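Here is the structure we will look at.
Please read all numbers here as calculations on a predicted model, not as lab measurements.
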Amino acid sequence: MRMNRLTTRIGIAMALGVLVGYVANSQLSADAAQDLASYFSILMDVFLRMIKMIIAPLIFTTLVAGLAGVGDTRAVGRLGGRAIGWFLSASFISLLLGLLMANLLHPGANLNVTLPEVGAATSLKTSSLNLKDFITHVFPKNIFEAMAANEILQILVFAVFFGVALSHLHSKSARSLVATMEDVVHVMLKVTDYVMRAAPFGVFGAVASAITTKGLGVLFVYGKLLLSFYAALGVLWLVLIGIGYLVLGKDVFRLLKLIRGPMLVGFSTASSESVYPKLMEQLEKFGVSPRVTSFVLPLGYSFNLDGSMIYTTFAALFVSQAYGIPLTLGAQFTMLLVLMVSSKGIAGVPRASLVVVAAVLPMFGLPEAGLLLVLGIDHFLDMGRTVTNVLGNAIATSVVAKWEGAIEPVDPRLADREGVLPAPGDDDALVPSRG
């Protein structure tokens, strides 16, 4: 079986990014390094822009095509209920692990850095985090505006209405429209294949830009925090994979092999959006029905952010320990519940994890300024958060599909095959049409 060439290229690009960024940071002045980093970031920005141009049409067409083929609104409700149930359980586990690991590792104790003044401003817009605005924001007032802004939840809501309505029409033109949607899905997956060929360049630009401006020295200054957080993420990975094993059995390891490429892209770019199209494709290679992937995955991108969840409790206790303000177990558990509720309204909020933490800290007598300690290395923390979000959503989608009986056998050769799935009817198709 052929080696996954894309994953290999991305790994090489990431290593080159670290090397080039380190040399630039150590040889150039701060201003010159900043200028050079802005040119490196062009590669990342172009790649992310190309990814964003795919997301809206891909979500809309896959979801409409999937729902139109279901023909049963009760099945949609059951699918949504199971997905939300998993998301809430995974969020609670992630938040709890963040508390446990922060109490065990004490990442904020004995910091060898100057603490920011308690009243220092963080410039994080915590006012953007409120339930009222979130609920009204979910429902689009203009679908074209929602697509232009890549508002995943708004696109999801409209697509559900459109797909269910289409499933109840039995005219020839309605069937023709469904067939057109299915054809567009295959076109978009082919476009995804073209765009992903630029992934190594985007990864190189993202890593080189970050290292050029921040340098590797910052990793040593905040080494304890970084190591502690990544250790916490490692435990969360074990828990998620373990639960996935209980449902999927040994197939969970095949899933991990399939998504290693998207995970590496997500880690190096610190952007979940950058892997959405490829992750959808890999889940279909795993055997997940497109109707499940197209519904659960975009929903998970808003409600199933396991890496972000563990970070919120971990960061809050980090600030508590750094400033020597202890929190009782009762206060910590109350914080967990507050974060459980407030974190569900972060879809579309820039730097969502930091905003949530900044909003919650004052409730428990902790200085919001403590987040200034982590802003300098937030990109490296975000890399871990993002790859964990990708893993969590891949497992969540696969588990829900298993519960729905919507995983079909797939030729294992696809685990090492580059490119997109062949369209139904291709002579060399390895996967039967799922209709």
Side-chain angles (χ1 to χ4, degrees), residues 1-11 13-14 51 54-55 58 62 83 86-87 90 94 189 192-193 195-197 199-200 202-203 233-234 236-245 247-290 292-294 296-301 304-308 383-402 406-408 410-421 430-431:
M1 291 188 294
R2 293 188 301 170
M3 180 183 296
N4 190 315
R5 290 172 294 176
L6 179 62
T7 304
T8 302
R9 291 168 185 161
I10 291 170
M14 193 165 137
I51 287 291
I54 300 171
I55 290 177
L58 191 59
T62 52
W86 173 277
F87 296 162
S94 301
L189 288 176
T192 297
D193 182 38
V195 171
M196 288 306 297
R197 295 178 187 181
V203 166
L233 290 179
L236 179 57
W237 280 36
L238 291 176
V239 172
L240 291 173
I241 294 171
I243 297 174
Y245 181 83
V247 180
L248 302 171
K250 293 181 179 179
D251 280 345
V252 72
F253 300 112
R254 183 166 63 88
L255 174 65
L256 295 176
K257 183 178 181 181
L258 278 168
I259 65 171
R260 66 190 187 276
M263 288 175 66
L264 187 56
V265 174
F267 176 76
S268 50
T269 62
S271 169
S272 295
E273 280 187 333
S274 67
V275 304
Y276 181 92
K278 191 66 176 178
L279 184 60
M280 175 176 281
E281 177 190 324
Q282 296 303 90
L283 287 170
E284 188 169 349
K285 288 183 180 180
F286 181 66
V288 177
S289 169
V292 175
T293 304
S294 61
V296 177
L297 190 58
L299 198 62
Y301 260 57
N304 189 47
L305 307 175
D306 300 327
S308 301
M383 293 166 73
R385 295 197 300 261
T386 300
V387 71
T388 305
N389 292 340
V390 173
L391 173 68
N393 278 311
I395 292 177
T397 304
S398 302
V399 167
V400 173
K402 183 72 172 182
I407 294 184
E408 298 180 8
V410 175
D411 192 308
R413 286 176 291 170
L414 284 175
D416 288 282
R417 180 176 176 179
E418 293 287 349
V420 299
L421 287 172
L430 296 177
V431 184

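To the nearest 0.5 Å, atom CH2 of residue W237 and atom OG1 of residue T388 are 6.0 Å apart. Distance check: Y245 OH to L256 CG gives 12.5 Å after rounding to the nearest 0.5 Å. Atoms CG and OG, from N393 and S398 in turn, are 10.5 Å apart once rounded to the nearest 0.5 Å.
The nearest pair of heavy atoms linking L233 to G307 is CD2-CA, 4.5 Å. The minimum heavy-atom distance between S94 and L236, with the atom names listed, is OG-CD1, 3.6 Å. Shortest non-hydrogen contact noted between G244 and V399 is CA-CG2, 4.4 Å. In this structure, E281 and T192 approach most closely via the heavy-atom pair OE1-CG2, 4.3 Å. Nearest heavy-atom pair, P277 versus I54, reported as atom, atom and distance to 0.1 Å: CG-CG2, 4.0 Å. Listed here is the closest heavy atom pair of P200 and A13: O-CB, 3.1 Å.
Formation of a donor-acceptor pair under 3.5 Å by the T397 side chain with backbone atoms of A394 is not found in this model. Of the possible donor and acceptor atoms, one in the side chain of Y301 sits under 3.5 Å from a partner among the backbone N and O of S272. Checked by atom type and distance alone, the side chain of D306 never pairs as donor or acceptor with a backbone atom of N389 at under 3.5 Å. Using modelled atom types, one side-chain atom of S294 and one backbone atom of T62 make a donor-acceptor pair closer than 3.5 Å.
Looking at heavy atoms from C-beta onward, L391 lies out of side-chain contact with V387 at the 4.5 angstrom threshold. Between I407 and D251 there is no side-chain heavy-atom pair separated by less than 4.5 Å.
A side chain to side chain contact (heavy atoms under 4.5 Å, CB included) with V265 is found for one member of M196, R260, M14, K278 and no other, namely M196. Considering L279, L189, L258, V292 as possible partners of E284, the one that fulfils the side chain to side chain contact (heavy atoms under 4.5 Å, CB included) test is L189. The one candidate from L255, I259, V247, I243 that meets the side chain to side chain contact (heavy atoms under 4.5 Å, CB included) condition with I395 is L255.
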Under the side-chain contact (heavy atoms from CB on, under 4.5 Å) criterion, do V203 and F267 qualify, and how do the steps go? CA-CA 9 Å; V203 166; F267 176 76; over 6 Å; no
Stepwise side-chain contact (heavy atoms from CB on, under 4.5 Å) test for V296 and W86: CA-CA 11 Å; V296 177; W86 173 277; over 6 Å; no
